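Because only heavy atoms are used, hydrogens play no part in the values below, and waters and symmetry mates are left out as well, while side chains stay in. These numbers were taken from a predicted model, which means no experiment stands behind them.
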Amino acid sequence: MKRLYALITAVTLVLTACSAGATPATTTTEAPSAEPSVTTTAADKTAVPEPILIGFAGDFSDIYSFYDSPVREGAELAVAEINAAGGVLGRPLEFVARDGRNNQDETMRATQELIDQGAAYLIGTSGDPFLAQASLACAAGIPISTGDGTAPTLVGDAGPCAFQTIMSDNLQGAVDAEYAWSQGYKTAYMLRSTEIPYTNDLPTYFAAAFEHAGGKILGEDVYRIDAGDYNVQVTAIAALDPAPDVIFTPMFIPDTPVFLRQLRAAGIEIPVLSTDGAVDASILEAGDAVEGLVATTHAWPADDNAMAKFYAKYKEATGADPESPVVAIGYDEIYIVKQIIEDAGSTDPAAMITALLNLKGFQGVTGSLSMDPTTRRVDKEVTLVEISGGEIRFLDQFMPGFIPQVG
């Protein structure tokens, strides 16, 4: 919470000083309705036009807080910047984040309260309750994003008000496969969890692209999310004959470092490829066990690219580096909301949905994107990073040559 206050206060002071006459930032962070709410407001609402409410009922205290909390932090920074520059259509943005704790009942209640408060746009949780909360949004006709949820099936399952403004899993699975083939890996072994679309479907997309390139999948195993022990899977890998050239798994933190520690402790040095759920500074705490891990992600700072400039801006405002590239996802999403409101000339939800369907060439800090109006998913390049020398380093960014179909 202290970091939240520091972010809003620092950014508002810096940007307001640079923007004479700018509308002050209005940001609200609220706990679930069962607890007291905490509100930070830089100006009396009666002194400014009616704010545009953007709501986020996310998971800020359970397993998906690794992803929803960074989205919230990036959104807070963007809201502060936009308000300091005068708002949108002359109105300030108000950002309200509530903790649904990855609990469906709490998330549904928080989402409905945000809708009742007049939210013009909702950011969806990366957690398990997304489809349930999206059903509320679509019933009310309010646009909702998948947040940091990358499963390409989410928007179709959620309904016509749902959009994915980030890379989807069929893209990142294909990028991992294309990279694997480029490294001379001819055979692969996969680990998946059937519990959620992300961990169940990504191996399918990887396999389709890897086999399309000429590779062979030797086999696969199943794991349980948050199991805390993966020795059964490690033992199965150790027994493979022949051994695969590479292992692919969409495990995410906190599972990834546990698995890699056990894999390397067993003396298995097979290269491992993973996905964006593994890309977080906390993974470096596993030390040598995670050296050489290659994973896809949304974007990464390199040289003087847009992400490097964003990281510098964020550190200037908060005194700390972003905890993960997902912070930039939240930042970009608020600017996407700003763009579609301006394109629509209105905060009418139907007009905003139309504007989002027609979004083209948006330039964010994570890259350029355009909405596919048929799938309601964006076309966006995928970044590859590698853990080397105890650091997460940029490798490449590209669109895959072959993109698997979404079932």
Side-chain angles (χ1 to χ4, degrees), residues 1 3-4 28-38 54-76 95-115 119 122-138 144-155 157-159 162 164-166 169 192-202 223-228 250-259 275-280 282-283 298 323-327 329-330 333:
M1 186 61 71
R3 187 172 180 182
L4 186 156
T28 304
T29 299
E30 299 182 2
S33 55
E35 299 179 359
S37 63
V38 178
I54 300 171
F56 184 16
D59 174 14
F60 307 129
S61 55
D62 200 66
I63 188 170
Y64 293 98
S65 63
F66 278 104
Y67 313 105
D68 284 359
S69 291
V71 169
R72 179 188 62 191
E73 292 172 10
E76 289 164 352
F95 180 68
V96 178
R98 293 187 175 177
D99 189 359
R101 310 179 201 275
N102 198 38
N103 176 280
Q104 182 155 310
D105 289 341
E106 291 189 47
T107 303
M108 292 282 277
R109 181 169 62 250
T111 301
Q112 187 60 59
E113 289 172 353
L114 290 167
I115 292 170
L122 295 170
I123 298 175
T125 179
S126 304
D128 300 327
F130 170 74
L131 290 178
Q133 74 172 170
S135 69
L136 291 179
C138 288
I144 184 171
S145 77
T146 63
D148 190 39
T150 55
T153 55
L154 288 174
V155 289
D157 292 342
Q164 195 166 63
T165 61
I166 57 177
D169 290 340
R192 78 170 82 215
S193 169
T194 59
E195 296 169 85
I196 59 174
Y198 179 88
T199 52
N200 184 59
D201 296 343
L202 261 163
Y223 69 93
R224 184 169 60 83
I225 295 171
D226 206 23
M251 274 189 184
F252 53 81
I253 292 170
D255 298 341
T256 319
V258 176
F259 167 68
T275 47
D276 64 299
V279 183
D280 181 274
S282 64
I283 198 171
H298 305 281
E323 59 188 285
S324 85
V326 177
V327 175
I329 292 298
E333 180 153 4

Closest contact, heavy atoms only, Thr153 versus Pro197: OG1-CB, 4.0 Å
Pairwise side-chain contact, Asp169 with Thr275, heavy-atom cut-off 4.5 Å (strictly under): no
Heavy-atom side-chain proximity of Gln112 to Met108 below 4.5 angstrom: no
Shortest non-hydrogen separation from Gly149 to Ile166 and the atoms involved: O-CD1, 3.8 Å
Under 3.5 Å side-chain donor-acceptor pair for Thr125 and Asp59: no
Side chain Ser61, main chain Arg101, donor-acceptor under 3.5 Å: no
No-hydrogen, no-angle side-chain donor-acceptor test under 3.5 Å, Tyr64 and Asp128: yes
Side-chain touch Phe66/Pro254, heavy atoms, less than 4.5 angstrom: yes
Any side-chain heavy-atom pair of Thr107 and Asn102 under 4.5 Å: no
Test item: Arg98 side-chain N/O and Ala57 main-chain N/O as donor-acceptor pair under 3.5 Å: no
Non-neighbouring partners of Phe56 that pass ring-ring contact (aromatic ring centres under 6.0 Å, His included), sequence neighbours left out: Phe60
Non-neighbouring partners of Thr199 that pass side-chain contact (heavy atoms from CB on, under 4.5 Å), sequence neighbours left out: Ser193, Ile196, Tyr223, Ile225, Pro250, Phe252
His298 vs Asp148, side chain to side chain contact (heavy atoms under 4.5 Å, CB included): CA-CA, chis, key distance, verdict: CA-CA 10 Å; His298 305 281; Asp148 190 39; 2.9 Å; yes
Heavy-atom closest pair, residues Ser324 and Val279: CB-O, 4.0 Å
Test item: side-chain donor near acceptor, Tyr198 and Ser126, under 3.5 Å: no
